[in-house]
*Asks:* 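Have a look at the structure that comes next, please.
Reminder, nothing fancy here: chain letters follow the sequence lines and each chain counts from 1.
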Number of protein chains: 2
Amino acid sequence: MARAGQQAGLSRERVLRAAAAIADERGLAALTMRSLAESLGVEAMSLYHHVANKEAVLDGLVEVVMAEVEQAVAALDAPAPEDDWQSALRMRVLASREVLVRHPWAPGVFETRTGASLAVARYFDGVLGLMRRAGFSYELGHRALHALGSRALGFSQELFAPDGMEAPEEVMAAMAEEVPHLVAMVADASHGGAVLGWCDYQSEFEFGLDLILDGLERLREGA
Amino acid sequence: MARAGQQAGLSRERVLRAAAAIADERGLAALTMRSLAESLGVEAMSLYHHVANKEAVLDGLVEVVMAEVEQAVAALDAPAPEDDWQSALRMRVLASREVLVRHPWAPGVFETRTGASLAVARYFDGVLGLMRRAGFSYELGHRALHALGSRALGFSQELFAPDGMEAPEEVMAAMAEEVPHLVAMVADASHGGAVLGWCDYQSEFEFGLDLILDGLERLREGA
DNA sequence: CGGCGCGGGCTTACGTTGTACGGTACGTTC
DNA sequence: GAACGTACCGTACAACGTAAGCCCGCGCCG
């Protein structure tokens, strides 16, 4: 490091990668311009030579994630949509979901930027193209995109946060009055066993996805 | 106002109402402890006698909205779930959606607090109860809640933001290469006419909802 | 080879945010 | 009337995003 490292050699690329790393490791809230700069061995203001502002960093994160998604989708060898569009789309969505699960902060970032990103548009365009090849009209394809919503990208808000939710017995009892059906449901599912871990998010996600895909298939082949 | 108004007569209630009003009128970002205090004719720190911190204000906003939802649902006269659960649930969801549409900031707040709120749990409990009366097993009810996700509350992320999205002709042309199917879809729908306003969010929402409800009905009645 | 523009970094500073801490005036209760 | 809790105010601070300006070394020009 002759001359004590001028020229840290930043770049938009490196900044965004570092940002994703921070979000992955310490959560989205820990991603500040200062922490980002520090992780690159640089002062905060230096970042502004490569990104316009923090919003642009968030935009960039969407691109980073979508690049991973695109890659995961490309690596798939799915059936031709003409033969089995449901499997083809299902695989695509689940591949995308795997990426999103690796970056739990991503849905939160996406939500504030829907439609703004070309990368996201490209993904949905691909889904629509798949449906076209399967014989969907544009109109049905359009409605299908709406029906899928964020599920097409592999997430929908998970209803109950996976963390916390201890439920220390007496709280559970107090709850029983307020939400009897939910309590009964949990009791039914666990048959009196352990309460947490009873709910497999992955398979629930797939259930909802298949529900929609089956419904669309019935509409596609024309009632 | 003898003595130039000591005793502004705050209360958790009044604070939360004011917070909702600010979010309604000036957006969620405009809701700061200072702006909130000012709208009540009070200093920021005074609020802390009625709410623990800003997080608690956000939590409170969820309660405010859910109270409106509960009220809207109560005012419904829906068919008994035993007779026609699909209509009953559909009406409930759409009533809820109407409330959410009046408070566009609400989904964003909900997303960061899923599961934390008793009010939300109560709502889902009601939905599950409805399904039980319709003959759902707890297991199918559980999966149904997952399948519906936030749609049960009347929102899912709208795919493309309703605002902005001008698309000034030349941008559209450049886009065509990147997202040909989307562009074709819009062209098909509008038959060369106006581009924006071609997409009716309400009816698309209903389409997706019915798709799911129909799928669930088929599962409920077995095989 | 000398100068010089400029790109990429640093320093400093400002306004806004949430909130900790301590003070002060009222209403109530002995 | 003394003591006290409740509700409010004022001040202050740390962390945030970012505007503005400086400074140095590289590469191009003459």
*Asks:* State which of C:dT11, C:dG9, D:dC9 makes the closest approach to the side chain of B:Glu43.
*Replies:* D:dC9

*Asks:* Measure from the side-chain heavy atoms of B:Met33 and tell me the nearest of C:dG18, C:dA20, D:dT18.
*Replies:* C:dG18

*Asks:* Can you name the residues that form a salt bridge (Lys or Arg N to Asp or Glu O under 4.0 Å) with A:Arg132, not counting sequence neighbours?
*Replies:* none

*Asks:* Is a side-chain N or O of B:Ser156 found less than 3.5 angstrom from the main chain of B:Arg151, in a donor-acceptor match?
*Replies:*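 Flag not set: sc B:Ser156 to bb B:Arg151 has no pair under 3.5 Å.
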
*Asks:* Check this for me: does any side-chain nitrogen of one of B:Glu68 and B:Arg102 sit under 4.0 Å from a carboxylate oxygen of the other?
*Replies:* yes

*Asks:* With the threshold set at under 4.0 Å for non-hydrogen atoms, list the residues of residues 22-30 of chain A touching DNA chain C in residue-number order.
*Replies:* none

*Asks:* Let me know, please, whether A:Arg34 or B:Ala44 comes out on the 5' side of the other along DNA chain C by nearest nucleotide.
*Replies:* A:Arg34

*Asks:* Between A:Tyr123 and A:Ala152 (side chain of the first, backbone of the second, donor and acceptor by atom type, cut-off under 3.5 Å), is there such a pair?
*Replies:* yes

*Asks:* Do B:His50 and B:Glu13 meet the criterion of a side-chain donor-acceptor pair at a distance under 3.5 Å?
*Replies:*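 Side-chain D/A pair, B:His50 to B:Glu13: absent.
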
*Asks:* Tell me whether the OP1 or OP2 atom of C:dG8 has a side-chain N or O from A:Ser46 closer than 4.0 Å.
*Replies:* no

*Asks:* Can you list everything that forms a side chain to side chain donor-acceptor pair (under 3.5 Å) with A:Glu206? Sequence neighbours excluded, please.
*Replies:* A:Arg90, A:Gln202

*Asks:* Please tell me which of the listed nucleotides, D:dC16, C:dT19, D:dA7, lies nearest to the side chain of A:Thr32?
*Replies:*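 Selected nucleotide: D:dC16.
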
*Asks:* Please tell me if B:His50 has a side-chain N or O lying less than 4.0 Å from either OP1 or OP2 of D:dC8.
*Replies:*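 Affirmative; the distance criterion is met.
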
